[in-house]
Structures are given as C-alpha cells and as structure tokens.
Amino acid sequence: MEGGMISVDRWGKGSQAYFLTHLHADHTRGLSSSWRRGPLYCSRVSAKLFPLKFPDFDLSSLRVLNIGSWHRLSLSSPSSGSPAEVDVMPIDALHCPGAVMFMFRGDFGHVLYTGDFRWETTGERSQKARTMLLDALNGANVDVLYLDNTYCNPAYCFPSREVAAQQVIEIIASHPEHDIIIGIDSLGKEDLLLRISHCLKTKIWVWPERLQIMHILGYPDVFTTRTSLTRVRAVPHYSFRTDTLEGLNTLRPTIGIMPSGLPWMVKPYEGKSKASETCLSVTSTSRRYNVPNGIRVDRNMRTVERVHQYIYSVPYSDHSCFPEIKDFVQLIRPSNVKGIVSMSPWYVDPLYYLSHLFRSNQRPQINSPNPESQGQAKRVQGQGKMKSKDFRGARQRAAEVNFFGVRIRRVTIMRRIHRGVKIVESHDPD
DNA sequence: GCGATCAGTT
DNA sequence: CACAACTGATCGC
C-alpha cells in the first residue's frame, strides 16, 4: 500500500492535502495554531469559526470548499511522483455547524468520508443532502465508504431531532415556573435552542464564548449573556452535574435537560426513574410520532427519561442512529466500508450488522461473532505486534449484556483511540 | 512555553 | 456499564 496523499481529520506528516470535517475537539487533535503542513480544506462555516478555536492560526493555510461543488486538486502520486488529479466535493453532514462529508474522486475511484453525520430522512436540509450525494455519485459506485459508526448497533434508535426538540419544548412548557438548564457542547445543538426560543418566545442564555459562536454563525438575536432576560440557560455540558442542579434548587426550582444520543449522561436518581411515572406525561415515542418511510418503528426507540430528581434525558442526537446508518449504506451500496472509529487487530467491527448491504462480499472485521473465540483472538494478538501504549484504555470484555432492555451481543468493545484517516491510493480494504 | 498524551468527568 | 466531547494534569522537549 502506498503512502497517503490525503488526510481527513488527521494531522500527521506525510500527506499532500489535509481535510477537516468539523471543529469538534476529537477531530482536531494534533491541529494547532502553529500549523505548517500546507493547505487545509474545510467548509466556509468551519473557516469562519477557525480563529476562535485556534487564535494564532495562519488563516492563509485555509482553503474554503463550497458545499455541493467539485473542486480539483493537483497532487502527485507518492510513488511515481507523476501528477495525479483528485476531485473533492463537500456534502452537508448535518452534524454541527460547518460539518461536512467529503466525496473524493480520482484514479482510485470514489471514496466517501462521512465524518460525523446525522442522516435524517425527514427535513428539507436532509433531502437536499441526499440529492447532493446522489448527484455527486452520478451513478458511480462508492469504492470505499468511511462511515461514522458511532451508533452502528441496532440497540441505538432515536427519533428525528425535530421530534426530540418538541419533547424538550414539552418538558419546558410543563414546568412554567422552573428555571431550565440545558447541557450543550461548544458546537452543535443550535437548532434545538432556536426551536425552543421560537416556540416558547423566549431568549436563551449562553456563556460568553458561546455567544461569540452564535454571532459568527449569524443566528438571530435570541441569545444573551444576561441572566435576568430568560429562565432558559444553555450551559457547557461539562459543568452540567447533579450537584449543580441540586444546588440551584436550593435557590429556585430548576430542572436540567440533557440532549444526547445516550441516556446515561447522569447517574440514575435513586427513586422513580421513568418520566411516565412523574407528572410529565411522556409515552412511547414510536407510538406517538410518525416515522418516515423505510425507517421501521423499533421497540428500542428511545424517548424522554427522567434520570434524576431534577434532570431529564432527551434523545436529541447529532449522530445517526442505527436505522439511519442502515438507510445510508443501503442508498450508497459501497464496495467496502470502514468505521471511522479506529481499528486494532482484535477490534470487532460494528459494521457486522451491515455486512449484508455491501455491494461486494467484504466481510466485517470480526475475529469471530463468538465471544469466547474473540477473547482468544485478543489474547493471541495482544501478545503479538501491539505495543502496550496502543491499547491503553481498551475495554476488552465481550459479553451478552442487557442494552436498553433488549438482550444483544456486545461487539463494540474498543474504546475509540482516534478518528480520521489517511486516504491512500489502493482499492484494498486492509 | 508548547504540544502531545493520559486520566477522568458528564 | 455504555459514548462523544471536553477539561485538566503530566510528560518531554
């Protein structure tokens, strides 16, 4: 296999062109203000946000790529040094502001790198992205799909963000006398806040750095850093804790809302835990809301949970859930699929659940679906070529676990080490 | 001081 | 328990 020409969300030496899908920290690790490795391609929104994340970054290194347009890069083959043309098109990833997928086209065929993405089947923007993707392919086959496999497991199933936002709004509306605290990260979930603001006719407090981001993003003037103007506050996810909520409740009645694809962001309250058992009526999501064509109503569909006396967990996710990933892979029908989550010799590929959808007969990278032989393979490999630092933090138990009330075989057991890839010229899925 | 890596938190 | 995203401590230069 030849050395890489192109790196996506990886910032080591040896590539001719570097691509950034979005500005979350787990995709910019290794990037710094002292970047000297040449042009860095990203979306216009990411470019606008760049100075905030990397204050002294030399902005002349940035190359903005317009979403939906092909751009030609003149690179050279790492082996022969002969010229090699590569075309690239960014496509809306609907993950967070500025987030894009990259479609590459060249002598190697078509390679699609999703970055983190939410493949909703409803909504105007989603439809546009779908059309853009199909237009980009123009009937061609995707040779390698690098896939955001974060929730690539049938146990993960949640409603659209529109539905989840409505759930948040219902929670807030049913607590008219309460202050509301919502945990968010430095980028993402803006649409949720805008919907809340619009439906409940309220401003939303954010911390100063977040207000700066809102201004750069050009959002309407509904955000404020003045506490007195609103009862709804969005705070850094990291400072959203049970003791914070308990402390606030000694001053004023306050509830917290955690929008997340995962329901266990806070320790369960030692009493009632289901929202349906409280004053708030939140019943099965799949019964109450229409589900788009092709997405089967799943009994795993997550809904609102009251996870603590003062805290609600709402399935508002910026990553695709399993049925959406499946829809995406069925649409693309790629020859080969690789999870963006890093691999190790004993890594059990979550794409296990999708292998029947591949165009070729690529087998998922599973040592064996049998937990016992997985364990054996791990031990053998572990004594082999891996250095200890490469699997520090790895969790290696394979077991049958109770997952959202459904017994499934746990196959995703490696903690993610990094994201991002070096895209190479070979067709081979190694 | 800077970047990289690790440990720990929600 | 789980994950993504983030903070802060520590290490090496």
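Everything quoted here is computed from the prediction, not taken from an experiment. Convention: sequence-line order gives letters A, B, ...; per-chain numbering from 1.
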Task: Atom-pair distance (CG on A:L245; P on B:dT10), nearest Å - done: 13 Å
TODO: Could you go through the side-chain contact (heavy atoms from CB on, under 4.5 Å) check for A:R241 and A:E246 one step at a time?
DONE: CA-CA 9 Å; A:R241 298 192 314 266; A:E246 282 157 8; over 6 Å; no
Open item on the list: Does A:H95 reach a base, just sugar-phosphate, or nothing at all? Heavy atoms under 4.0 Å.
Closed with: sugar-phosphate
Task: Under the side chain to side chain donor-acceptor pair (under 3.5 Å) test, residues paired with A:R233 that sit two or more places apart - done: A:D179
Open item on the list: Tell me whether A:R161 is salt-bridged to A:D318, with the criterion being a basic N under 4.0 Å from an acidic carboxylate O.
Closed with: yes
TODO: Apply side chain to side chain donor-acceptor pair (under 3.5 Å) to A:N249 and list each qualifying residue two or more places apart in sequence or on a separate chain.
DONE: none
Open item on the list: Without decimals, in angstroms, what is the distance between A:K13 NZ and B:dG3 P?
Closed with: 15 Å
TODO: Any pair with a residue in residues 215-231 of chain A that passes salt bridge (charged side-chain N to carboxylate O under 4.0 Å, His left out), sequence neighbours left out, goes on the list, sorted by first then second residue, please.
DONE: none
Task: OP1 or OP2 of B:dT9 under 4.0 Å from side-chain N/O of A:H237 - done: no
TODO: Return the nearest nucleotide to the side chain of A:L262; candidates are C:dC3, B:dG3, B:dT10.
DONE: C:dC3
Between the protein and nucleotides 6-12 of chain C, list every N/O to N/O distance that falls short of 3.5 Å.
residue : atom : partner : partner atom : Å
C:dC6   : OP1  : A:S186  : N            : 3.4
C:dC6   : OP1  : A:S186  : OG           : 2.6
C:dC6   : OP2  : A:A25   : N            : 2.8

Task: Heavy-atom side-chain contact between A:L40 and A:R63 under 4.5 Å - done: no
Open item on the list: Expressed as a whole number of angstroms, how long is the span from A:F57:CZ to B:dC2:P?
Closed with: 17 Å
TODO: Send over the distance from A:W35 CH2 to B:dG3 C1', rounded to a whole Å.
DONE: 14 Å
Task: Close residues, residues 211-219 of chain A, relative to DNA chain C [heavy-atom separation under 4.0 Å] - done: none
Open item on the list: Taking only side-chain N and O atoms of A:S32, does any of them lie within less than 4.0 angstrom of OP1 or OP2 on B:dC2?
Closed with: no
Open item on the list: Among A:I6, A:L65, A:V64, A:V8, which residue satisfies the side-chain contact (heavy atoms from CB on, under 4.5 Å) criterion with A:Y41?
Closed with: A:L65
TODO: Take atom CG of A:L31 and atom P of B:dC2, then tell me their distance rounded to the nearest Å.
DONE: 17 Å
- [ ] Mind calculating the distance between CZ (A:F54) and C1' (B:dC2) to the nearest angstrom?
- [x] 14 Å
Task: Selection residues 35-62 of chain A - residue pairs positive for salt bridge (charged side-chain N to carboxylate O under 4.0 Å, His left out), sequence neighbours left out - done: none
Open item on the list: From C-beta outward on A:D116, which listed nucleotide comes closest to its side chain: B:dG3, C:dA5, B:dT10?
Closed with: C:dA5
Task: Presence of salt bridge, A:R195 and A:E190, under 4.0 angstrom - done: no
Open item on the list: Tell me the interatomic distance from A:N153, atom CG, to C:dC3, atom P, rounded to whole angstroms.
Closed with: 10 Å
Open item on the list: Output the rounded distance in Å from CG (A:D318) to P (C:dA5).
Closed with: 8 Å
